[in-house]
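If you're wondering where the values come from, they're calculated on a predicted model, not measured in any experiment. Numbers restart at 1 for each chain; the letters A, B, ... are given by sequence-line order, proteins then strands.
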Amino acid sequence: MTDSLGNLKRTHHCCQLRDTDINKEVVLMGWVQHRRDHGGVIFIDLRDKEGITQIVFNPENSKAVHEKAQEIRNEYVLGVKGKVIARPGDMLNPNMKTGAIEVLIDELSIFSRAKTPAFLIDDRVEASEAIRLQYRYLDLRRPRLKNNILARHKATMAIRNYLDNKGFVDIETPFLTKSTPEGARDYLVPSRVNPGNFYALPQSPQLFKQLLMIAGFDRYYQIVKCFRDEDLRADRQPEFTQIDMELSFINEQEVMEIAEGMIVAIFKKVLDIDLVIPFPQITYDEAMSRFGLDRPDLRFGLELCDISDIVKDAGFKVFANVVKNGGLVKAINAKGCSTFTRKQIDELTDFAAVYKAKGLAWIKIKENEWQSPIAKFFTDQEKDALRKRLDLELGDIVFFVADQPKITNEALGQLRNELARRLGLILDDTYAFTWVTHFPLLDYDETEKRYQALHHPFTAPLEEDIEKLSFDPLAVKSRAYDLVLNGIEIGGGSIRIHSTELQEQVLNCLGIDETEANEKFGFLLNALSSGAPPHGGIAFGLDRLMMLLCREDSIRNVIAFPKTQKATCLLTDAPSKASTSQLQELAIKVSKIEEQEFL
RNA sequence: GGGGGUGUAGUUCAGUUGGUUAGAACGCUUGCCUGUCACGCAAGAGGUCGCGAGUUCGAGUCUCGUCACUCCCGCCA
């Protein structure tokens, strides 16, 4: 039998007692971190959410209690009553906050016995991801995960305080809602009372927050789950949390200012770091040109350099032909890295190939010569131009990618990040923020042969570009902005379209005709024509932000109960089969399941 | 949908060219120990080598398939 709590009342937590508390009678409750049985005296490290206190069972103090304490094992849950005493002179433990004292126990309650845990509750012990997820409640006892979750709480508190002070109203929006076209795959929920019909879980509260602006709430925020049924990554879960906000009567600069203030408040509260604002802003075009990606990592240089004009007539046909066909030839000069071996270069070539680069050309700048499979194709004049453009000096190696602009930028941009990692150019405690602005409004989907919104269909085009919608849609820039931290997109938003006519025009561009538009989001178009204020907003990925704040490399480590890469939960074994009666009630037939187990 | 990595004791891993009884560390159990702090000492238990086929006199090791976890590409407005 185990003991019940009875009248025992906790007086302190396990990180609280100091030498100033000596001689106090205290009651502690917690889990057994370690047991050290010396035959006579037994030491136990008692752990709770706050920390660890050493408790002592001494047979000279109470034989019966000492006897009972023999039984204690790791992870047992105890309540103990005793006296705070000073540790003997040289027995202080400077590594513990409570290391000056210990508690000599007079009364012991064993609330729970515990099976031997699958892994030790200690950050120094490794366990596989699968085991950690299966026993998540044990992993959450360990300091690393526990502290991440506590940091997340600090962050959300800072966010709520900040936004409340700025006049934002926290409003909940429905989870059982309507499927929206465009965007990610929806999670569907069958409706029992409307057989054959389905709700969709929201990919974001986008339309509802716009409706709230039209309703006149002026400033809205929500820390809210969003659902996207797409394949997972280290920084992507099917359900994730957004810090979602929307404001009326503002422009993009004002949204960015508010957002910066919030990020500052979070960093101050969680890390006690004072960030410098405003964050730099660069346009999408500049980001692509200099860094190859729309989420540039500004912690290091290694910028990309366009050399298409220099090589357009070169004897090296690979380069020349790419330029002739509207492609792009760009290069990165890795200063002082001409010592790269053939093997290293091959690895980098394989790396670039992942991003569809057909090859990775290179030139090593050696004494008296350019060592390279392609150097012989260039005239002295071309070499001279390259030397100047790329700042080529003795000991450099320069990498080239030649392809369609999209591939050249992506491959070389990713190579830039990889080179920085390999060369150790990335400093640990640097937080390099940047806004990326002036995204294109649309891009062209080759497989579906139509335009699609880069951000979403409700993003406003730049005023001066609106007329181009009819004759050159791809040249239209939008009023969208992303916030990027260390090469990772942590938030994005836009000024929205608040005019019915413009909204219809953009939908038209996307190939959504009036009938379809009315069917899919006629409610929004109606609302827009019922008095819509100019408005815009932004949403941050709370999980990604916390991942960066906690220096984790997966968002699973900042989510209490995350999913595996196949979107399952190893703890609860979700998703699982539905019973025939459940399915019948929902008017659903399951096909293509090999061995359907009837429950 | 595609590519890479991993899977051996409760946990983390080692396991040679295919060869006798599959090892280590930690954890666990028992005993000893009154000042430890991931205590120490001694003894012990613990294995469907992910699963299924195949090759072979013989498979943890080789081949094929399959499952799980993970990283990436596609996908993710």
Q: For A:Gln203, does its backbone N or O pair with a side-chain atom of A:Arg228 as donor and acceptor, under 3.5 Å?
A: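 Yes; at least one donor-acceptor contact below 3.5 Å.
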Q: Side-chain N or O of A:Arg556 versus OP1/OP2 of B:rC71: is the shortest distance under 4.0 Å?
A: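 Yes, A:Arg556 has a side-chain N/O under 4.0 Å of OP1/OP2 on B:rC71.
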Q: Which residues satisfy the side chain to side chain contact (heavy atoms under 4.5 Å, CB included) test with A:Asp48, sequence neighbours excluded?
A: A:Arg10, A:His13, A:Cys14, A:Glu50
Q: Under the salt bridge (Lys or Arg N to Asp or Glu O under 4.0 Å) test, which residues partner A:Asp45, sequence neighbours left out?
A: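 Per chain and number, A:Asp45 pairs via salt bridge (Lys or Arg N to Asp or Glu O under 4.0 Å) with A:Arg36.
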Q: Give the rounded distance in Å between these two atoms: CD of A:Glu71 and P of B:rU29.
A: 11 Å
Q: Who pairs with A:Arg421 by side-chain hydrogen bond (donor to acceptor under 3.5 Å, both in side chains), at least two apart in sequence or on another chain?
A: A:Glu418
Q: Roughly, in whole Å, what's the span from CG in A:Asp235 to P in B:rC75?
A: 16 Å
Q: Are A:Phe175 and A:Phe227 an aromatic pair by the rule of ring centers under 6.0 Å?
A: yes
Q: At 4.0 Å (heavy atoms only), tell me whether A:Thr568 reaches a base, stays on the sugar-phosphate, or touches nothing.
A: sugar-phosphate
Q: Is A:Asp244 salt-bridged to A:Lys209, going by a charged N under 4.0 Å from an acidic O?
A: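 Looking at A:Lys209 together with A:Asp244, the answer is yes, because their closest N to O distance falls below 4.0 Å.
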Q: Just the rounded figure in Å: distance from P of B:rU12 to CG of A:Asp122.
A: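 After rounding, the gap between these two atoms is 15 Å.
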Q: Verify the contact: side-chain N or O of A:Lys566 to OP1 or OP2 of B:rA68, cut-off strictly under 4.0 Å; return yes or no.
A: yes
Q: Taking the C1' atom in each of B:rU29 and B:rG46, what is the distance between them to the nearest angstrom?
A: 10 Å
Q: So, are A:Arg422 and A:Glu347 salt-bridged, with charged N and O less than 4.0 Å apart?
A: yes
Q: Both A:Ile131 and A:Ala234 contact RNA chain B. Which one's nearest nucleotide lies toward the 5' end?
A: A:Ile131
Q: Checking A:Asp445 now: which residues fulfil side-chain hydrogen bond (donor to acceptor under 3.5 Å, both in side chains) with it, not counting sequence neighbours?
A: A:Thr447
Q: Find which nucleotide of RNA chain B each of A:Leu133 and A:His456 is nearest to by heavy atoms, and output the residue with the more 5' nucleotide.
A: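 Looking at RNA chain B, the more 5' nearest nucleotide goes with A:Leu133.
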Q: Measure from CD1 on A:Ile407 to P on B:rC73 and round the result to the nearest Å.
A: 15 Å
Q: Between the base of B:rC76 and the side chain of A:Arg228, is there a donor-acceptor distance below 3.5 Å?
A: no
Q: Under 3.5 Å between N/O atoms: give me all the protein pairs with nucleotides 1-4 of chain B, atom names plus distance.
A:
none

Q: Taking only nitrogen or oxygen atoms into account, show me every contact under 3.5 Å that the protein makes with nucleotides 24-28 of chain B, one pair per line with its distance.
A:
| unit_1 | atom_1 | unit_2 | atom_2 | d |
| --- | --- | --- | --- | --- |
| B:rC28 | OP1 | A:Asn74 | ND2 | 3.3 |

Q: Tell whether A:Glu102 reaches the base of B:rG35 with its side chain through a donor-acceptor pair below 3.5 angstrom.
A: yes
Q: Using a 4.0 Å heavy-atom cut-off across all strands, classify A:Tyr355 as base, sugar-phosphate, or nothing.
A: sugar-phosphate
Q: Are OP1 or OP2 of B:rU36 and a side-chain N or O of A:Arg36 less than 4.0 angstrom apart?
A: no
Q: Across the strands shown, which category fits A:Thr459 at heavy-atom distances under 4.0 angstrom: base, sugar-phosphate, nothing?
A: nothing
Q: Kindly give the atom pairs (protein nitrogen or oxygen, nucleotide nitrogen or oxygen) under 3.5 Å for nucleotides 31-33 of chain B.
A:
| unit_1 | atom_1 | unit_2 | atom_2 | d |
| --- | --- | --- | --- | --- |
| B:rC33 | N3 | A:Asp37 | O | 3.0 |
| B:rC33 | N3 | A:Gly39 | N | 3.3 |
| B:rC33 | N4 | A:Asp37 | O | 3.3 |
| B:rC33 | N4 | A:Gly39 | N | 3.4 |

Q: Just checking, is any N or O donor in the side chain of A:Asp482 or A:Tyr284 under 3.5 Å from an acceptor N or O on the other one?
A: no
Q: Does any residue of residues 82-91 of chain A have a heavy atom under 4.0 Å from RNA chain B, and if so, which ones, in number order?
A: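 Residues of residues 82-91 of chain A under 4.0 Å from RNA chain B: A:Arg87, A:Pro88, A:Met91.
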Q: Determine: side-chain N/O of A:Ser128 to OP1/OP2 of B:rU12, distance under 4.0 Å, yes or no.
A: yes
Q: Under a 3.5 Å cutoff, is there a donor and acceptor pairing between the side chains of A:Asp186 and A:Ser179?
A: yes
Q: Who pairs with A:Asp285 by side-chain hydrogen bond (donor to acceptor under 3.5 Å, both in side chains), at least two apart in sequence or on another chain?
A: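 Per chain and number, A:Asp285 pairs via side-chain hydrogen bond (donor to acceptor under 3.5 Å, both in side chains) with A:Lys477.
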Q: Could you tell me whether A:Phe458 and A:Phe521 have their ring centroids closer than 6.0 angstrom?
A: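 Yes, ring centres under 6.0 Å apart.
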Q: Can you list every pair that meets salt bridge (charged side-chain N to carboxylate O under 4.0 Å, His left out) and has a residue in residues 491-505 of chain A, with sequence neighbours left out?
A: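 Qualifying pairs: A:Glu246-A:Arg496.
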Q: List for me each residue that meets salt bridge (Lys or Arg N to Asp or Glu O under 4.0 Å) alongside A:Glu129, sequence neighbours excluded, and say none if there are none.
A: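 For A:Glu129, the residues satisfying salt bridge (Lys or Arg N to Asp or Glu O under 4.0 Å) (neighbours in sequence not counted) are A:Arg556.
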Q: Taking atom C1' in both B:rG60 and B:rU21, compute the distance separating them and give it to the nearest angstrom.
A: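 So the two C1' atoms sit 15 Å from each other.
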Q: Can you tell me how far P of B:rG74 sits from CG of A:Asp445, to the nearest Å?
A: 14 Å
Q: Identify, residue by residue, the members of residues 41-64 of chain A with a heavy atom below 4.0 Å from RNA chain B, and return them in order of residue number, or none.
A: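 Correct list: A:Val41, A:Phe43, A:Asp45, A:Gln54, A:Asn58, A:Pro59, A:Glu60.
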Q: Determine whether a donor-acceptor pair (N or O, by modelled atom type, separation under 3.5 Å) exists between the side chain of A:Asp21 and the backbone of A:Arg18.
A: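 Yes.
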